[in-house]
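Just so you know, ligand 1 is whichever comes first in the structure, and atom 1 is the first atom listed for that ligand. From a predicted model like this one, the values you see are computed outputs, not experimental measurements. Keep in mind that the numbers below use all heavy atoms, side chains included, and drop hydrogens, waters and symmetry copies.
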Amino acid sequence: MQTTVTKFGGTSLASAQQFKKVAEIIRSDNSRRFVVASAPGKRTSDDIKVTDMLISCSKVAAEGKDFTKELAMIRDRFVSIADELGISFDIDPELESIAAQLSAGASEDYVKSRGEYLNSKLLAEYLGFPFIDAADVIIFNENGTLNNEETYKKLPAVLKTCKNAVIPGFYGSKMDGSICTFSRGGSDVTGAIVAHAADAEIYENWTDVSGMLMADPRIVKDPAPIEFISYAELRELSYMGASVLHEEAVFPARTIGIPINIRNTNRPDDSGTMITKAVPPAAKKNPITGIAGSKGFCSVLIEQEMMNTEIGYAAHVLKIFADLGLSIEHMPSGIDTMSVVLKESDVLPVRDELLSRLEEELHPNTLTIESGISLIAVVGHGMSYKPGVAAKVFSSIANAGVNIRMLDQGSSELDIIIGVNDEDYEKAICAIYEEFRA
Ligand code: ADP
Ligand code: ASP
Ligand code: MG
């Protein structure tokens with residue numbers, strides 16, 4: 001029997017009306033056996049995601065304050081879905097158990113995982129599918145990374161016994177039984193792990209847009225959809241800020257070559273974006289596949305005459321960053337200069353220590369930190385065989401009156417990274433998009 005693993009995101013499961021669309025999608029194809037569900041997301045743009053409500057509730061409880069009001073609001077979200085669907089699921093014993101855990105000092109990971117837990121129980125009941133608790137099958141290491149060995153031992157064994165099932169996304173448990181979550185948006189990762197464990201033919205990721213778009217729809221108006229994209233391109237775009245799919249979701253699918261299909265729950269007839277190892281040659285019409293980015297970076301610029309002849313200089317610089325636990329995004333360098341680009345929020349707590357260590361241990365001619373930098377990634381396999389693409393990218397930015405503060409090209413020629421001032425970020429993305437739009 002063919003197996004499709006489906007994952008439905010927060011907006012796809014935010015209300016009874018959305019649950020009905022989800023059920024119709026699942027019932028229309030009986031290969032859609034395993035369903036991974038998120039917590040209820042926003043119903044309207046000013047709504048609050050249940051995960052955010054749970055995080056607030058956990059904070060109130062941690063301060064020793066009364067969390068009854070917060071929990072009641074969460075209860076309302078689930079009860080309104082259950083009532084409208086006519087599901088008999090009794091949520092009150094579940095909420096009593098969550099309240100008892102909150103009073104006993106439950107961890108934030110436990111509390112914020114309850115959105116996926118409760119929503120999946122509701123969905124399982126509505127679909128008439130068994131419920132598998134992710135805590136029993138998704139196993140984390142002590143440091144919060146996935147325990148591949150245990151997960152891929154436990155999960156396939158349980159899936160083998162079920163024709164269908166609903167599994168909550170976002171969380172699992174450590175070997176001691178305590179609940180642990182992925183980072184925000186992590187149900188995408190659970191979906192990919194379930195697809196891997198089920199040896200699925202396809203992993204469908206259902207959301208509120210008709211696939212990956214060439215640029216963030218909150219910046220560019222009606223960006224063109226991407227029909228096909230490679231795992232490598234998707235990884236670059238999602239890492240750089242295309243938040244439609246979690247940046248770690250690609251790995252479990254890629255290792256065994258499961259295609260990922262991003263689809264729209266509100267427009268199920270749209271074919272969405274297909275993510276595979278290689279894009280079919282006929283689909284490569286544009287040298288650029290997509291554009292993504294984010295704000296809030298800074299660049300530490302180190303100038304030292306004859307830096308290139310000093311063996312071990314770069315290694316010494318990197319050791320200082322590593323000692324302070326700083327993870328580096330990019331490192332464009334010249335003969336006598338080195339700049340290290342990293343997240344500003346990471347640097348702030350250790351800024352003084354970083355500068356004094358660089359100063360005292362390396363005595364550079366100049367040492368400066370420039371802040372307020374946005375990074376933009378222009379991604380596409382097509383760039384490597386088309387001369388002049390980079391020139392077009394730069395001239396589009398220049399014509400928009402935007403100053404480029406940093407440039408870096410990945411060694412794979414898969415992307416060009418451009419640094420601009422935070423206030424120019426949106427303008428630069430729109431200019432590049434206009435230049436390359438299909
Ligand atoms: P879900 O709740 O289904 O997991 P997310 O909110 O995590 O959905 O991801 C979908 C959202 O990602 C879209 O509504 C869109 O605003 C945003 N997004 C950002 N960049 C892109 C992009 N390049 N293509 C499509 N969507 C994008
Ligand atoms: N509900 C979680 C979040 O809001 C996980 C997810 O939706 O993937 O981040
Ligand atoms: Mg998401």
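- The pair E24-K21 fails the salt-bridge criterion, with no side-chain N (NZ, NE, NH1 or NH2) lying under 4.0 Å from an Asp/Glu carboxylate O.
- Stacking of R114 on the aromatic ring of Y171 is recorded, both the 6.0 Å distance cut-off and the 45° axial limit being met.
- Between R43 and S80, the side chains place no donor N or O within less than 3.5 Å of an acceptor N or O (distance only, hydrogens not considered).
- Using modelled atom types, one finds a donor on one side chain and an acceptor on the other under 3.5 Å when comparing D29 with S31.
- Any N or O atom pair closer than 3.5 Å counts here, and K49 shares no such pair with ligand 2.
- Among all protein heavy atoms, the one lying closest to atom 6 (C) of ligand 2 is S187 OG, 3.3 Å.
- Closest approach of A135 and S173 over heavy atoms only: O-OG, 2.7 Å.
- Here E116 has side-chain heavy atoms under 4.0 Å from ligand 2, and that is the only part of it that gets that close.
- Distances shorter than 4.0 angstrom occur between a heavy atom of G185 and an atom of ligand 2.
- Panel note: side chain T273, backbone I226; a donor-acceptor pair is recorded below 3.5 Å.
- For Y126 and F89, the ring centers sit 6.0 Å or farther from each other.
- Cation-pi geometry between K392 and F436 is satisfied (NZ or CZ under 6.0 Å from the ring centre, within 45° of the ring normal).
- A salt bridge is absent between D208 and K42: the closest approach of a Lys/Arg side-chain nitrogen to an acidic carboxylate oxygen does not fall below 4.0 angstrom.
- Ranking protein heavy atoms by distance to atom 7 (O) of ligand 2, first place goes to S38 OG, 3.3 Å.
- Using cut-offs of 30° and 60° on the angle between ring planes, the pair W206 and F8 is parallel.
- Residue contact check: R184 has heavy atoms under 4.0 Å from atoms 3 (C), 4 (O), 9 (O) of ligand 2.
- For ligand 2, the polar-atom distance check finds no N/O of K7 at less than 3.5 Å from any of the ligand's N/O atoms.
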Check: every ligand 1 N/O to protein N/O pair under 3.5 Å:
from     : atom 1 : to   : atom 2 : distance (Å)
ligand 1 : 2 (O)  : G10  : N      : 3.1
ligand 1 : 3 (O)  : T207 : OG1    : 2.6
ligand 1 : 4 (O)  : K7   : NZ     : 3.2
ligand 1 : 8 (O)  : T207 : OG1    : 3.1
ligand 1 : 14 (O) : D208 : OD1    : 2.8
ligand 1 : 14 (O) : D208 : OD2    : 3.3
ligand 1 : 23 (N) : L213 : O      : 3.0
ligand 1 : 24 (N) : L213 : N      : 2.9

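- For G186, the heavy-atom gap to ligand 2 drops under 4.0 angstrom.
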